*Asks:* 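Structure in structure tokens, see below.
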Amino acid sequence: MGMQESQSPERQVTLCVLLWANPGMESALIAYEDKVLGFVAEYGGQVTQRARNSGTDDHALENQPLEIQTLRFPSSQAVREFMADDRRQALAEERDRVIAMTEIIEVQLAS
């Protein structure tokens, strides 16, 4: 498997990112994501969609993600470089303060 991977060109990677806010940090999570997602294009990536939980009760916001994103990158290397971005890493303390949980799923978009 590894040998075949190294000989073939890297394929495009699409990620679905689910983000849960710490209690009372919903606006701060959105502001943090606004900053970090601003770096995506520098790695050839694209934010294809951002959606927010429209739950009007506390149960929905506690048990479901506040924000759902779809990101597309030209390769897994581009994803790794984005994740290791120094500016993104410098915001780790802010991230830990506002985000309770993140789930990242590699997906294939269906039409």
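For clarity, every value in this text was computed on a predicted model and none was experimentally measured.
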*Asks:* Please output the side-chain donor-acceptor pairs of residues 102-111 that fall under 3.5 Å, not counting sequence neighbours, one pair per line with the distance.
*Replies:*
residue : atom : partner : partner atom : Å
Thr102  : OG1  : Arg95   : NH2          : 2.4
Glu106  : OE2  : Arg11   : NH1          : 2.8
Glu106  : OE2  : Arg11   : NH2          : 2.8

*Asks:* Please check: side-chain N/O of Glu10 versus main-chain N/O of Pro74, any donor-acceptor pairing under 3.5 Å?
*Replies:*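 No; zero donor-acceptor contacts below 3.5 Å.
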*Asks:* Within 45 degrees of the axis of the six-membered ring of Phe39 and under 6.0 Å from its centre: does Arg87 put its NZ or CZ there?
*Replies:* yes
*Asks:* Under 3.5 Å, which donor-acceptor pairs do the side chains of residues 20-27 form with other protein atoms, sequence neighbours left out?
*Replies:*
residue : atom : partner : partner atom : Å
Trp20   : NE1  : Gln64   : O            : 3.2
Asn22   : ND2  : Asp96   : O            : 3.4
Asn22   : ND2  : Arg97   : O            : 2.9

*Asks:* If we ignore hydrogens and angles and just use 3.5 Å, is the side chain of Arg72 paired with the main-chain N or O of Gln46 as donor and acceptor?
*Replies:* no
*Asks:* If you count heavy atoms of other groups shown closer than 6.0 angstrom to CD of Glu93, is the number above 12?
*Replies:* no
*Asks:* Once rounded to the nearest 0.5 Å, what's the spacing between atom CE of Met83 and atom OG of Ser76?
*Replies:* 12.5 Å
*Asks:* Using 30° and 60° as the class boundaries, would you call the ring planes of Phe73 and Phe82 parallel, tilted or perpendicular?
*Replies:*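 Plane angle between 30° and 60°, so tilted.
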*Asks:* Could you state whether Val40 and Val13 fall into the same hydrophobic cluster, counting links through intermediate Ile, Leu, Val, Met, Phe, Trp or Tyr residues with side-chain heavy atoms under 4.5 angstrom apart?
*Replies:* yes
*Asks:* Rounded to the nearest 0.5 Å, what separation is found between the CG atom of Leu29 and the CD1 atom of Ile99?
*Replies:*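 Taking CG in Leu29 and CD1 in Ile99, the distance rounds to 4.5 Å.
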*Asks:* Taking the side chain as every heavy atom from C-beta outward, state whether Glu33 and Val98 have any pair of such atoms under 4.5 Å apart.
*Replies:* no
*Asks:* Going by side chain to side chain contact (heavy atoms under 4.5 Å, CB included), Arg50 matches just one of Thr70, Leu19, Ile68, Leu37. Which one?
*Replies:* Leu37
*Asks:* How long is the gap from CG on Leu18 to CG on Asn53, to the nearest 0.5 Å?
*Replies:*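 Leu18 atom CG to Asn53 atom CG measures 11.0 Å (nearest 0.5 Å).
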*Asks:* Would you kindly confirm whether Val36 and Val47 end up in one hydrophobic cluster when ILVMFWY residues are joined by side chain heavy atoms under 4.5 Å apart?
*Replies:*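 Yes: a chain of side-chain contacts under 4.5 Å links Val36 to Val47.
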